[in-house]
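Have a look at the structure below before the remarks.
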Amino acid sequence: VGAVCGALAVNWFLVPPYGTLDVHDQADTLSLAVFVLVGVVVSTLVGQVARRSSEADKARRDTEALNRSAMLLATSGEPVAELADEVRNALRLDDVAIFQRSSDGGWDRLAAAGSHPPVGVADGVAHPVDDLAQRVLVLHGRDLDSNDVTLLDGLADQIIVALDTVALRREAAEAEVLGRANELRNAILQAVSHDLRTPLTGIKASVSSLLSPEVQFGPDDTALLLSTIDRQVDRLDRVVGNLLDMSRLHSGVLQVRTEETSLEEVVASAVSSLGLSADRVDIRIPRDLQPALID
């Protein structure tokens with residue numbers, strides 16, 4: 001356009017007859033044609049260089065965006081939200097949100113970026129992240145060209161990796177919690193087994209002694225054995241009651257009713273349940289210790 005307009009201006013002002021577009025000299029006609037041809041060739045070359053420079057600059061920006069997203073995957077503990085912000089910045093969008101289809105058929109928003117991020121899939125242009133479209137990017141802002149879509153596909157691949165990484169971390173954390181729970185369950189089982197076996201052993205020994213025809217016990221010895229049986233039965237009853245309370249707590253049936261309780265009572269009760277004599281235990285509780293809220 002510039003070459004043609006320039007040729008017309010030269011013809012109007014500089015080629016006789018002046019002030020008209022008529023050309024009487026063939027040399028002037030050839031000069032104007034060459035002028036237009038050179039202008040078109042130069043403008044075409046400059047346009048190609050400009051386009052290639054723009055494409056190279058965009059490719060550099062896209063590569064930097066992909067490198068930043070890969071760095072986020074390697075260093076960030078929660079990369080999904082940061083990747084959503086990276087998509088918004090790399091594609092020069094207003095708002096971006098990542099949604100995942102829930103078990104009930106709806107959509108759960110996993111991350112968002114922007115001042116007014118989409119709250120639903122219908123609030124922008126949805127771009128599937130995976131092949132099954134179970135996870136989508138919802139974009140709000142300008143329209144994307146083919147080059148932008150290529151970059152978006154690369155960032156979507158990074159988002160898939162980030163979501164899978166977060167899911168694996170969550171599963172690993174749950175597995176660790178289950179492992180600790182199993183360790184605690186085993187420890188409780190061992191403790192309960194000991195607490196059950198100890199009174200049963202005492203009861204069995206006392207009853208066997210009383211029933212033995214080979215040994216004759218006097219009134220005092222008989223009373224002592226019966227007293228031992230009574231104490232061990234009470235202890236066994238407390239253990240069984242605690243087990244029942246634990247099961248009720250686990251099922252959510254038992255309601256905890258806490259009240260201020262002095263720790264001297266708790267410690268004394270715990271020590272007495274061990275069956276230790278008073279001269280073998282040294283208990284030291286600060287006098288200014290506040291009562292604890294205990295059921």
Quiz item: What pairs with Asp220 under salt bridge (Lys or Arg N to Asp or Glu O under 4.0 Å), at least two apart in sequence or on another chain?
Solution: none

When the side chains of residues 172-182 are checked against the rest of the protein, which donor-acceptor pairs come out under 3.5 Å, sequence neighbours left out?
from, atom 1, to, atom 2, distance (Å)
Glu176, OE2, Arg180, NH2, 2.7
Asn182, OD1, Arg185, NH1, 2.5
Asn182, ND2, Leu178, O, 3.2

side-chain contact (heavy atoms from CB on, under 4.5 Å) partners for [X], two or more places apart:
X	answer
Ala292	Leu263, Ile294
Thr201	Arg197
Ser269	none
Pro291	Glu260

Quiz prompt | salt bridge (charged side-chain N to carboxylate O under 4.0 Å, His left out) contacts in which one or both residues fall within residues 133-157, not counting sequence neighbours | solution = Lys58-Asp148, Asp130-Arg135, Arg135-Asp164, Arg142-Asp148

Practice problem: Sorted by first residue and then second, give each salt bridge (charged side-chain N to carboxylate O under 4.0 Å, His left out) pair with at least one member in residues 83-92; sequence neighbours left out. | Solution: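 Salt bridge (charged side-chain N to carboxylate O under 4.0 Å, His left out) check on residues 83-92 returns Arg68-Glu86, Asp85-Arg88.
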
Taking only distance into account, with no hydrogens and no angle test, what donor-acceptor pairs under 3.5 Å do side-chain atoms of residues 24-44 form with protein atoms, sequence neighbours excluded?
from, atom 1, to, atom 2, distance (Å)
Asp25, OD1, Ala27, N, 3.0
Thr29, OG1, Asp25, O, 3.2
Ser31, OG, Ala27, O, 2.9
Ser43, OG, Gly39, O, 3.0
Ser43, OG, Val40, O, 2.8
Thr44, OG1, Val40, O, 2.7

Quiz item: Are any of the side-chain nitrogens in Arg231 or Asp234 under 4.0 Å away from the carboxylate oxygens of its partner?
Solution: no

Exercise. Report the distance from atom CD1 of Ile285 to atom CD of Glu265, rounding to the nearest 0.5 Å.
Key: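 Rounded to the nearest 0.5 Å, the CD1-CD separation comes out at 10.0 Å.
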
Quiz prompt | Spacing of Leu196 atom CG and Arg235 atom CZ [to the nearest 0.5 Å] | solution = 10.0 Å

Quiz item: What residues form a side-chain hydrogen bond (donor to acceptor under 3.5 Å, both in side chains) with Arg238, not counting sequence neighbours?
Solution: none

For a quick test of your reading: what N or O donor-acceptor pairs under 3.5 Å do the side chains of residues 94-101 make, sequence neighbours left out?
from, atom 1, to, atom 2, distance (Å)
Asp95, OD1, Ser115, N, 3.1
Asp95, OD1, His116, N, 2.9
Asp95, OD2, His140, ND1, 3.3
Arg101, NH1, Gly105, O, 3.1

Donor-acceptor contacts under 3.5 Å from residues 202-218 side chains, at least two apart:
from, atom 1, to, atom 2, distance (Å)
Ser206, OG, Gly202, O, 3.0
Ser208, OG, Lys204, O, 2.7
Ser209, OG, Ala205, O, 2.8
Ser212, OG, Glu214, N, 3.4

